[in-house]
Novice: 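Got a structure for you, questions after.
Keep in mind that this is a model prediction, so the values were computed, not measured. In what follows, every chain begins at residue 1, and chains take the letters A, B, ... in the order their sequences are listed.
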Amino acid sequence: MLEASNLECVRGERCLFAGVSFRLEGGEMLALQGRNGSGKTSLLRMLCGLTPAASGEIRWCGRPIAQLGDEFRSELCFLGHQNAIKEELTPLENILSTARLAQEPLDEDAALAALELVGLLGREDLACRYLSQGQKRRAALARLVHEKRALWVLDEPYVALDRAATELVAGLVGAHLQRGGLVVLTTHQAVAVPAGNVRELTLGDDVALQQRL
Amino acid sequence: MLSLIRAVIGRDLRLAMRRQADIVAATFFFIIVVSLFPLGVGPEPDQLRRLAPGVLWVAALLATMLSLPRLFADDHRDGTLEQLALAPQPLALIVLGKVIAHWLVAGLPLVVLAPVLGVQFDLAGDALAVLTLSLLIGTPALSGIGAIGAALTLGVRGGGVLLSLLVLPLYIPVLIFGAGAVDATVTGLGAQAHLSLLGALALGGVFFAPWPTAAALRVALE
C-alpha cells in the first residue's frame with residue numbers, strides 16, 4: 001500500500017538520511033526510531049507530501065503521492081508534534097471544527113463520546129488554553145477516535161501523555177491496524193500496540209555519521 | 001465546496017470573536033489616524049474636503065496592514081495550517097474562506113465607520129455615500145492581495161516590515177481608484193468609471209489571489 005524507495009532528506013547542506021526504503025501493507029505499523037535530529041519528523045512530513053524528498057519516491061497503492069494529490073490526502077490523517085488545536089476554542093469546538101474542515105460531518109454526540117474516551121468529559125466547555133499540556137494532547141488525539149482514513153501518520157503521539165492515555169492511544173492504533181489500516185509513527189518510548197504487525201526502522205546512526213566523517 | 005468555505009469562515013469568525021482585542025485595535029487605529037488629520041491640518045473646510053478621500057483611504061490601507069500578519073501566522077504556529085494544507089480539498093478554497101473572513105473582521109468595520117469619520121472632513125452627502133461605496137468595493141481587494149503577502153512572509157523573521165514593503169505597492173491601484181472615486185464626486189465628474197475599475201480590482205483580488213497564496217503557503221510549510 002505505502003511504499004517508499006531510496007528516500008533522501010537534505011536540510012540545508014546536511015544530509016539527514018539517505019537510502020531509506022520500506023513497504024507497508026494494510027494492518028502494519030512502522031515505528032520510526034532514532035536519536036534527536038535524525039530526521040524522523042522530516043521523513044513523516046515527506047510521507048504526507050508536505051516536504052518534497054531530495055531524491056527517491058513515495059507511492060500509495062502503486063502510484064506516486066505527488067500525482068495522486070487530493071486522492072492521497074483523503075486517505076491520510078496526520079498528527080504533527082504541534083497539536084493543531086485552537087487555544088481559544090473548547091475541545092468540543094476543536095474536534096467539531098476539525099471534522100467540518102475535513103468535510104467529514106461529526107455529530108455532537110459522537111464528538112462528546114470521543115472526548116469522554118480520552119478523558120476530557122467535564123472539560124469540553126473550557127477553552128483549550130486553560131488545559132494542561134497533556135490535556136491538550138488528549139484533545140488533539142480525540143480526533144483519532146472516529147478517524148476512518150487508512151493511513152495514520154503520527155509524530156510522537158505519546159509525548160506529554162500519562163500512562164493511561166498512552167495505553168489508550170496504543171489501543172486506538174491497534175484497533176486501526178485491526179481494521180486493516182496503516183500507521184507510521186515516531187516514538188522514543190517502547191509502547192506495546194495490542195494488535196497488528198509492528199515493524200521498526202531506525203534512522204540516522206550510520207548515514208549521519210558517514211556524512212560527518 | 002461552498003460548505004467548506006462556510007466552515008472556514010465560521011471557524012475564523014468564531015476565533016476572531018474570542019480575540020476581539022485584535023479587531024478593536026485595528027478599528028481604533030483607523031479612527032485615530034483619520035481623526036488626527038483635521039487636528040493637524042487645521043479647520044479650513046475646503047482643504048479638509050480635498051484631503052478627505054486620500055486620508056481615509058490611506059488609513060484604511062494601513063489598518064488592513066495591521067491585521068494581515070496574523071492571517072496565517074496563528075494557524076502556522078499551532079499546526080492547524082498543516083492540517084488545512086493536508087485536507088483533501090484545494091487549499092485555494094480554504095484560503096478564499098480565510099480572505100472572506102478577514103474582510104468581514106478587518107474590512108467591514110472600516111466601511112461602516114467611514115461615513116461617520118468623513119463628517120469630520122465636511123464631506124457632502126453624496127461624497128460620503130461614494131466614499132463608503134468605494135471602501136465597500138475596494139476593501140475586499142485589500143484582503144485578497146494582502147493574503148499573498150501574508151503567505152509569502154509567513155515564518156520570516158521581521159516579516160511584518162517585509163509584508164508592508166511587499167503589499168503596500170500592490171495596493172496603489174486600489175488607492176488611486178478608491179480615492180479617485182470620491183475626488184471625482186466632489187469635483188462633480190461622477191464616480192462611475194473609478195468604481196467600475198475598483199470593482200474589477202476587487203474581483204481579481206478576491207478570486208485570483210487565493211491560488212498564488214496557496215502556492216506560497218505550501219512553500220512556507222516545506
Novice: Treating B:Gln89 as the side-chain partner and A:Asp70 as the backbone partner, does any N or O pair qualify as donor plus acceptor under 3.5 Å?
Specialist: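 Pair absent, no side-chain N/O of B:Gln89 close to backbone of A:Asp70.
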
Novice: Do A:Leu50 and B:Glu222 have side chains that approach each other closer than 4.5 Å (heavy atoms only, starting at C-beta)?
Specialist: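 Counting from C-beta outward, A:Leu50 and B:Glu222 never come under 4.5 Å.
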
Novice: Can you see which heavy atom on A:Glu88 is nearest to which on B:Leu15, and at what distance?
Specialist: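 Where A:Glu88 meets B:Leu15 most closely, the heavy atoms are OE1-CD2, 3.6 Å.
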
Novice: If every non-hydrogen atom of B:Glu82 is compared with every non-hydrogen atom of A:Phe78, which pair is closest and at what distance?
Specialist: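 Looks like OE1-CE2, 3.3 Å.
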
Novice: What part of A:Arg129 gets closer than 4.5 Å to chain B, counting heavy atoms only: side chain, backbone, both or neither?
Specialist: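 Neither part; nothing is under 4.5 Å.
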
Novice: Check the surroundings of atom CZ in B:Phe37: do more than 12 heavy atoms from other residues, nucleotides or ligands lie under 6.0 Å from it?
Specialist: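 Atom CZ in B:Phe37 is not crowded, with 12 or fewer foreign heavy atoms closer than 6.0 Å.
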
Novice: For the CD atom on A:Glu108, are there more than 12 heavy atoms of other groups (residues, nucleotides or ligands in this structure) within a distance under 6.0 Å?
Specialist: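 Counting other residues, nucleotides and ligands, CD of A:Glu108 stays at 12 neighbours or fewer.
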
Novice: Between A:Leu89 and B:Arg18, is there a side-chain heavy-atom distance shorter than 4.5 Å?
Specialist: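 Side-chain contact under 4.5 Å: yes.
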
Novice: Evaluate whether atom CD of A:Glu57 has more than 12 neighbouring non-hydrogen atoms of other residues, nucleotides or ligands under 6.0 angstrom away.
Specialist: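 Check passes, neighbour count above 12.
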
Novice: Side-chain contact test, heavy atoms from C-beta onward, threshold under 4.5 Å: evaluate it for B:Pro88 versus A:Arg149 and give yes or no.
Specialist: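 Yes; the side chains approach each other to less than 4.5 Å.
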
Novice: Is it true that a side-chain atom of A:Arg45 and a backbone atom of B:Leu221 form a donor plus acceptor pair closer than 3.5 Å?
Specialist: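 Indeed, once roles are kept as given, a pair shorter than 3.5 Å links the two residues.
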
Novice: Is there a side-chain contact between A:Lys86 and B:Arg11 (heavy atoms, below 4.5 Å)?
Specialist: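 Yes - at least one pair of side-chain heavy atoms lies under 4.5 Å apart.
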
Novice: Once you round to the nearest 0.5 Å, how far does CG of B:Leu86 lie from OG of A:Ser74?
Specialist: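 The OG atom of A:Ser74 is 12.0 Å from CG of B:Leu86, to the nearest 0.5 Å.
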
Novice: Kindly give the heavy-atom pair with the smallest separation between B:Gln83 and A:Gly80, and that separation in Å.
Specialist: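 That closest heavy-atom pairing would be NE2-N, 4.5 Å.
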
Novice: Side chains of B:Ser3 and A:Gln103: donor-acceptor distance under 3.5 Å anywhere?
Specialist: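 There is such a pair (donor and acceptor under 3.5 Å, judged by atom type) between the side chains of B:Ser3 and A:Gln103.
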
Novice: For a 4.5 angstrom cut-off between non-hydrogen side-chain atoms, does A:Glu87 reach B:Arg77?
Specialist: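 A side-chain contact is absent here, since even the closest heavy-atom pair is not under 4.5 Å.
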
Novice: Which atoms of B:Ile94 come close to chain A, meaning under 4.5 Å heavy atom to heavy atom: side chain ones, backbone ones, both, or neither?
Specialist: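 It is neither, since no heavy atom gets under 4.5 Å.
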
Novice: Is there side-chain contact between B:Asp78 and A:Gln82, with heavy atoms separated by less than 4.5 Å?
Specialist: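 Side chain of B:Asp78 against side chain of A:Gln82, heavy atoms only: no contact under 4.5 Å found.
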
